[in-house]
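One is the number of the first residue; the rest follow in order along the sequence. Model, not experiment: these values are computed from the prediction.
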Amino acid sequence: MEQIAEKVITQIKKHPQIEPLLTTIAQKYLRVETLQTRNADSADFYNLSVWELRAALEAAFQAGTQLGASVTAHMDNFVATEIDRLNAHSD
């Protein structure tokens, strides 16, 4: 089951809406231009207020809740397929 959990997490991270969503939240609430590492302290580290951080976390939570329903349906199918695959190999 741990293998399935790891695969589910990987699948969620690959969801096509995750990266643009996180980037939009970072830009809107944290004044962060990109979430790509640029290997420069001045470009990779930011000073921000707790209210900016809170607003970004609230936006991420709300977006995750909305996105969650579609991801859940997809993950249910993915998990069922993985369980079937594991059961077939254990026979």
Side-chain angles (χ1 to χ4, degrees):
M1 283 306 235
E2 278 185 46
Q3 293 173 342
I4 294 174
E6 289 175 19
K7 288 182 178 184
V8 167
I9 291 168
T10 300
Q11 288 294 315
I12 290 171
K13 288 180 180 179
K14 289 181 181 179
H15 193 284
Q17 291 178 317
I18 298 293
E19 192 62 33
L21 180 61
L22 293 177
T23 299
T24 298
I25 291 169
Q27 291 169 342
K28 181 175 181 179
Y29 295 97
L30 304 174
R31 297 166 291 146
V32 172
E33 180 182 323
T34 179
L35 293 176
Q36 300 302 313
T37 301
R38 294 181 280 177
N39 297 314
D41 287 355
S42 62
D44 290 337
F45 292 90
Y46 294 85
N47 286 321
L48 58 121
S49 66
V50 293
W51 54 88
E52 289 171 312
L53 181 58
R54 181 182 183 94
L57 291 170
E58 287 173 349
F61 179 82
Q62 184 177 23
T65 300
Q66 292 170 358
L67 187 59
S70 66
V71 171
T72 299
H74 174 73
M75 286 299 105
D76 286 347
N77 292 334
F78 177 79
V79 169
T81 302
E82 286 297 308
I83 290 172
D84 289 345
R85 189 182 63 75
L86 286 173
N87 288 336
H89 281 53
S90 66
D91 292 339

For A56 and I25, which heavy atoms make the closest approach, and how far apart are they?
O-CG2, 3.7 Å
Determine whether V32 and Y46 make a side-chain contact, defined as any pair of heavy atoms from C-beta on separated by less than 4.5 Å.
yes
List, by chain and then residue number, the residues other than F45 in its hydrophobic cluster (Ile/Leu/Val/Met/Phe/Trp/Tyr, side-chain heavy atoms under 4.5 Å); write none if there are no others.
none
Which Ile, Leu, Val, Met, Phe, Trp or Tyr residues join V50 in one cluster when any pair of side-chain heavy atoms under 4.5 Å counts as a link?
W51
Partner set under side chain to side chain contact (heavy atoms under 4.5 Å, CB included) for [X], not counting sequence neighbours:
X: A43; result: R38, A40
X: T81; result: none
X: T65; result: F61

Pairs involving residues 53-65, ordered by first then second residue, that meet salt bridge (charged side-chain N to carboxylate O under 4.0 Å, His left out) (sequence neighbours left out)
R54-E58
Residues 18-34 vs salt bridge (charged side-chain N to carboxylate O under 4.0 Å, His left out), sequence neighbours excluded, gives R31-E52
Let me confirm one number: the CG-CG distance from L30 to N47, rounded to the nearest 0.5 Å.
12.0 Å
